[in-house]
Amino acid sequence: HIIQTEAFHAFHYLNGYDEPGTGDVIIDISVYPNTEGINLLYLDQLKNTERENKTWMGQVRRFRLPNPAKAAVSFHASFSFSTSELRPFQGTGKPPMLNAKVDFTLPESVGIELPNLAPGKHFHTYQYAYGMTRKPVGKGPILSDGIVKFDMHAVAAVASGSALEGKEGAYAKLWRVPDVTPSEPVFAKRPGGTAEDDGVLLSVALDTSPSKGKGQSALVVIDAKTMKEVARAEMPVIFPFGFHGHYTPSGAKPWKNAM
């Protein structure tokens, strides 16, 4: 199938899965209207924390792709025994052009980047997503100023009846500390936990508050249910930011635990 949408830019997607019941393909992506946000990631921009800066964070958008089994496709191919090649049938049939439906787009007030999920939820139905966030406009850290948690079930419920702007408290929770820049949150499941958000988020954060002088890095531990900080392991040095990591419990295979 050929599926079209309005043009957008993206770095990362949250998740994608086949929706039970309808068979539609659901894809949640952090989208940007253009590539201007890339300009905010140059070093000179990241170092300028004294001016009012716009955020470079994307907005979560849910695309709904029609169930492929319900979309008739007229495409034929013939096999040549003489050449053992599969070649397109020269007929009038061609794949149809389908349109992706947008179920919702979250407001800039809860932008997200470097999204993460609980292990086992990638490519499956899910309820919670986590990621870095930043206020749409403001002074201070350019990279991020907090970590956001989305309840995607609540987002869908709110979006079905009203606008999402101004209703952020119904579907989003934030961890935000002044002068602290967190990195990508990594979910660590509580041993024996069964709920999707029963665990903690691990984030290497840079504290640039006046009491820290030139800054201090720390591993911040945040309760994934309440989004409250529960522990912090401070480092004697400033640790460079990284991304796309995974927490692997003792004895678990990294790739199996991550997905």
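Note that the structure is a prediction, hence the values are computed from the model and not measured.
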Would a 4.5 Å heavy-atom cut-off, applied to side chains only, mark [X] and [Y] as touching?
X: D223; Y: W175; result: no
X: I222; Y: V200; result: no
X: M227; Y: V148; result: no
X: V186; Y: L201; result: no

Would you call the rings of Y17 and Y126 parallel, tilted or perpendicular, where under 30° means parallel and over 60° means perpendicular?
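The rings of Y17 and Y126 stand perpendicular, inter-plane angle above 60°.
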
My understanding is that only residues two or more places apart in sequence, or in another chain, count here; which of them pass side-chain contact (heavy atoms from CB on, under 4.5 Å) with D198?
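Listed in chain order: R190, A195, K225.
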
Once side-chain contact (heavy atoms from CB on, under 4.5 Å) is applied, do any residues pair with A170, and if so which ones, sequence neighbours excluded?
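Expected list: V158.
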
Give a yes or no on whether the backbone of [Y] and the side-chain of [X] come within a donor-acceptor separation of less than 3.5 Å.
X: D151; Y: A172; answer: no
X: K149; Y: A129; answer: no
X: T133; Y: G146; answer: no
X: Q4; Y: N99; answer: no

With [X], which residues qualify under ring-ring contact (aromatic ring centres under 6.0 Å, His included), at least two apart?
X: H153; value: none
X: F239; value: none
X: F150; value: none
X: F104; value: none

Looking only at non-hydrogen atoms, find the nearest pair between [X] and [Y] and report the distance.
X: S30; Y: A10; answer: O-CB, 3.5 Å
X: S203; Y: P182; answer: OG-CB, 3.5 Å
X: L206; Y: I238; answer: CD1-CG2, 4.0 Å
X: E184; Y: P115; answer: OE2-O, 4.2 Å
X: Q59; Y: L106; answer: NE2-O, 2.8 Å
X: E165; Y: P107; answer: OE1-CB, 3.1 Å

How far apart are the C-alpha atoms of M57 and R134, what are their side-chain angles, what is the distance that settles it, and do they pass the side-chain contact (heavy atoms from CB on, under 4.5 Å) test?
CA-CA 7 Å; M57 296 286 172; R134 186 183 183 277; 4.1 Å; yes

For [X], enumerate each residue passing the salt bridge (charged side-chain N to carboxylate O under 4.0 Å, His left out) test, keeping only those at least two apart in sequence or located in another chain.
X: K212; answer: E234
X: R61; answer: none
X: E19; answer: R64
X: E229; answer: R232

Going from [atom1] on [X] to [atom2] on [Y], what distance comes out if it is rounded to the nearest 0.5 angstrom?
X: Y13; Y: N15; atom1: OH; atom2: CG; answer: 7.0 Å
X: I2; Y: L98; atom1: CD1; atom2: CG; answer: 9.0 Å
X: T125; Y: E196; atom1: OG1; atom2: CD; answer: 8.0 Å
X: T5; Y: K101; atom1: OG1; atom2: NZ; answer: 15.5 Å
X: Y130; Y: I147; atom1: OH; atom2: CD1; answer: 11.5 Å

Mind checking what makes side-chain hydrogen bond (donor to acceptor under 3.5 Å, both in side chains) contact with S109, not counting sequence neighbours?
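Applying side-chain hydrogen bond (donor to acceptor under 3.5 Å, both in side chains) to S109 gives E168.
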
Carefully, step by step, assess E113 and F11 under the rule side-chain contact (heavy atoms from CB on, under 4.5 Å).
CA-CA 8 Å; E113 257 307 336; F11 289 114; 3.6 Å; yes

Residue E6 excluded, over 12 heavy atoms near CD under 6.0 Å:
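Open.
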
Pair listing, salt bridge (Lys or Arg N to Asp or Glu O under 4.0 Å) test, anchored in residues 171-182, at least two apart:
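Applying salt bridge (Lys or Arg N to Asp or Glu O under 4.0 Å) to every pair that reaches into residues 171-182, excluding sequence neighbours, yields D145-R176.
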
In this structure, which one of D24, D103, I29 forms a side-chain contact (heavy atoms from CB on, under 4.5 Å) with F63?
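Single pass found, and it is I29.
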
Passes side-chain contact (heavy atoms from CB on, under 4.5 Å), T181 versus T208? Steps please.
CA-CA 8 Å; T181 301; T208 58; 5.6 Å; no

side-chain contact (heavy atoms from CB on, under 4.5 Å), that's the test. Do L202 and V220 meet it? Break it down for me.
CA-CA 6 Å; L202 307 175; V220 178; over 6 Å; no

Salt bridge check, D28 against R62: does any charged N sit closer than 4.0 Å to a carboxylate O?
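So R62 pairs with D28 through a salt bridge.
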
